[in-house]
Asks: 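So that we are looking at the same thing, I have put the structure below in structure tokens.
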Protein chains: 2
Amino acid sequence: MCDDALELNLGLGNKGQSPRHRCPPPFLLKTYELLEEEEKEKHSTKIVSWNSQGNAFVVWSPAEFSDLTLPRYFKHNNFSSFIRQLNTYGFRKISSKRWEFKHEKFQRGCRHMLIEISRKKCEPSVFPAYLKSSSEENAMTCSSEENNQQLLMEENKNLKKERLELQMQIAECKALEMKLLAYLSQSMDNHQNKIRRLC
Amino acid sequence: MCDDALELNLGLGNKGQSPRHRCPPPFLLKTYELLEEEEKEKHSTKIVSWNSQGNAFVVWSPAEFSDLTLPRYFKHNNFSSFIRQLNTYGFRKISSKRWEFKHEKFQRGCRHMLIEISRKKCEPSVFPAYLKSSSEENAMTCSSEENNQQLLMEENKNLKKERLELQMQIAECKALEMKLLAYLSQSMDNHQNKIRRLC
DNA sequence: GGGAATATTCCC
DNA sequence: GGGAATATTCCC
């Protein structure tokens, strides 16, 4: 199930992204560590923990969690901000009776899976926010030419971004090629040696 | 100069936006208040203050400002984050010798003007820096507008062509990858067989 | 100085 | 639960 070794060897983790994205987003790391560290804590009542199967976690006491736990890991003490982040990363509340949150790739003992969780994208639509929110004003103040120009600019920007991503993909492909070739030649040598030894 | 009353009465402040925008953004309010409150402080050395004319402010001691002042108003103690915000709101550093920042609408005793300061949009107003005319009046002549559009369309066309080429390169890369992998697995089988035959 | 990703807040 | 504005971080 775990391809980490292959990914590590071939350098394919998080394709097309910048270096800082090779590790999980701070939010996920902190939430995971918070759960590991809370297991060691000696509170009179449990504040937050993995559920019994370890495939989700439960905030047993939102009040204490907000006041005591959150500010130790984040720049706030608002339960709702924490939940907003959970939703951003695709967690779901799986119980109506308690604050239990689940994500397929967020499980006890599986820190390596965190890298597979990503923020939900807000669709990069053709129309940027500033055109959507004030389209009436724009219609008043912008000539259709200017409007056109804005669309062109937007498309242009997206194309350049796309170009960069494609270029990075190519670089990765080439690197993989090199590694495969190196591995191929090495493994042939090995086999040659084995055969020689056997003769 | 101050339209606050009118805006309030007609509910026209920050058109098309939600109520919370009728007051200045928190960053501006906090920075303004910070300056008012620092005036009362009794530090051995001045940390931050309005300049003598009151039309800009000076951070006299960035180190103390970061360690002592920032965390009292913001969720961090990084001078660079503070400066990033200043830039976002259009402040300029107006001295090369000291940390002095200025915005036309940010002046001592003029809290009511803060409402007129807004974040720079991340969207280029219309044109990128290298295409922008130097005049702030941006009284673009028809011909230069058309010219611009021509350039944009040209660039756009080229980018799309480039994209196609890159995509083809990637396809080739992937095909080669497949061949290498197939060859690798085949050659390993062959060698295994040779070894078996030799044993 | 600013683009862009992530975090926090506010609001529906 | 999520859209969108603002704040903070990271990077060029």
Side-chain angles (χ1 to χ4, degrees), chain A residues 14 16-31 66 70-71 73-94 96 99 101-103 114 117-125 127-134 153-154 156-158 160-162 164-165 168, chain B residues 13-31 66 70-71 73-94 96 99 101-103 114-115 117-125 128-130 132:
Chain A
N14 282 29
Q17 303 203 2
S18 59
R20 77 160 147 152
H21 297 120
R22 298 234 177 78
C23 63
F27 172 74
L28 297 173
L29 222 38
K30 287 176 182 174
T31 304
S66 304
L70 284 180
Y73 295 87
F74 304 100
K75 289 176 183 290
H76 66 85
N77 57 358
N78 305 308
F79 195 45
S80 56
S81 292
F82 179 72
I83 290 176
R84 185 72 197 83
Q85 282 281 70
L86 289 176
N87 288 327
T88 297
Y89 282 96
F91 286 70
R92 312 304 294 204
K93 189 166 181 292
I94 58 170
S96 59
W99 295 99
F101 300 96
K102 179 178 170 60
H103 187 292
L114 298 182
I117 305 176
S118 60
R119 291 169 73 88
K120 291 187 210 163
K121 297 289 175 214
C122 37
E123 283 308 304
S125 74
F127 293 90
Y130 69 103
L131 280 181
K132 269 191 219 147
S133 60
S134 54
M153 289 287 314
E154 182 67 15
N156 223 296
K157 203 174 90 183
N158 288 335
K160 281 178 184 165
K161 201 171 162 189
E162 231 183 307
L164 189 61
E165 285 163 1
M168 286 171 77
Chain B
N14 291 24
K15 23 186 152 192
Q17 305 200 5
S18 54
R20 72 160 153 156
H21 296 122
R22 298 231 181 81
C23 62
F27 172 75
L28 297 173
L29 222 38
K30 288 176 180 174
T31 303
S66 304
L70 284 181
Y73 295 87
F74 305 99
K75 289 176 184 289
H76 65 86
N77 56 358
N78 305 308
F79 194 45
S80 55
S81 292
F82 179 71
I83 290 176
R84 185 73 196 81
Q85 281 282 69
L86 290 176
N87 289 327
T88 297
Y89 282 97
F91 286 71
R92 312 305 295 205
K93 188 168 182 293
I94 58 169
S96 59
W99 295 100
F101 300 95
K102 180 178 167 64
H103 187 293
L114 299 182
I115 196 73
I117 304 176
S118 60
R119 292 168 73 87
K120 292 189 211 162
K121 294 294 173 211
C122 52
E123 284 76 20
S125 51
Y130 65 96
K132 240 178 198 160

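These numbers were taken from a predicted model, which means no experiment stands behind them. All values below were derived from every heavy atom in this structure, side-chain atoms included, with hydrogens, water molecules and symmetry-related copies excluded. Note on naming: letters A, B, ... go to the chains in the order of the sequence lines (proteins, then strands), and numbering restarts at 1 for each one.
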Asks: Once you round it to whole Å, what is the distance between P of C:dG3 and NZ of B:Lys120?
Replies: 8 Å
Asks: Expressed in angstrom and rounded to an integer, what is the separation of B:Lys75 atom NZ from D:dT8 atom C1'?
Replies: 11 Å
Asks: Does B:Lys30 use its side chain to pair, donor to acceptor, with the backbone of B:Tyr73 at less than 3.5 Å?
Replies: yes
Asks: What is the distance, rounded to the nearest whole Å, between atom CG of B:Asn87 and atom P of D:dT8?
Replies: 15 Å
Asks: Please pick, from D:dT6, C:dT8, D:dG2, the nucleotide with the shortest atom-to-atom distance to any side-chain atom of B:Pro26.
Replies: D:dT6
Asks: Could you pull out all residues at least two apart from B:Phe27 that satisfy ring pair (Phe, Tyr, Trp, His ring centres under 6.0 Å)?
Replies: B:Phe74, B:Phe82, B:Tyr89
Asks: Rounding to an integer number of Å, can you tell me how far A:Leu86 CG sits from C:dT6 P?
Replies: 16 Å
Asks: Give me each pair satisfying side-chain hydrogen bond (donor to acceptor under 3.5 Å, both in side chains) with a member in residues 78-87 of chain B, each pair once, sequence neighbours excluded.
Replies: B:Arg84-B:Thr88
Asks: Specify the separation, in whole Å, of atom CZ of B:Arg119 and atom C1' of D:dT8.
Replies: 10 Å
Asks: Can you measure B:Ile94 atom CD1 to C:dG1 atom C1' for me and round it to whole angstrom units?
Replies: 16 Å
Asks: Scan residues 76-85 of chain A against DNA chain D and write down, sorted by residue number, each residue with any heavy atom closer than 4.0 Å; if none is found, say none.
Replies: A:Arg84
Asks: Can you check the A:Leu70 CG to C:dT9 C1' distance for me, whole Å?
Replies: 14 Å
Asks: Which whole-number value in Å describes the distance from A:Ile117 CD1 to C:dA5 P?
Replies: 19 Å
Asks: Tell me the closest heavy-atom pair linking A:Ser66 and A:Pro71, and the distance in Å.
Replies: O-CD, 3.1 Å
Asks: Between B:Lys93 and C:dG1, is there a contact of a side-chain N or O with OP1 or OP2 at under 4.0 Å?
Replies: no
Asks: Minimum heavy-atom separation for B:Ile115 to B:Cys23, with atom names?
Replies: CD1-C, 3.5 Å
Asks: Among all residues two or more places apart in sequence or in another chain, which pass the ring pair (Phe, Tyr, Trp, His ring centres under 6.0 Å) test with B:Phe91?
Replies: B:His103, B:Phe106
Asks: Does B:Arg92 have any side chain to side chain donor-acceptor pair (under 3.5 Å) partners at least two apart in sequence or in another chain, and if so, which?
Replies: none
Asks: Less than 4.0 angstrom between a side-chain N/O of B:Tyr89 and OP1 or OP2 of D:dA7, yes or no?
Replies: yes
Asks: Need to verify one output field. Residue with the more 5' nearest nucleotide on DNA chain D, A:Arg92 or B:Tyr73?
Replies: A:Arg92
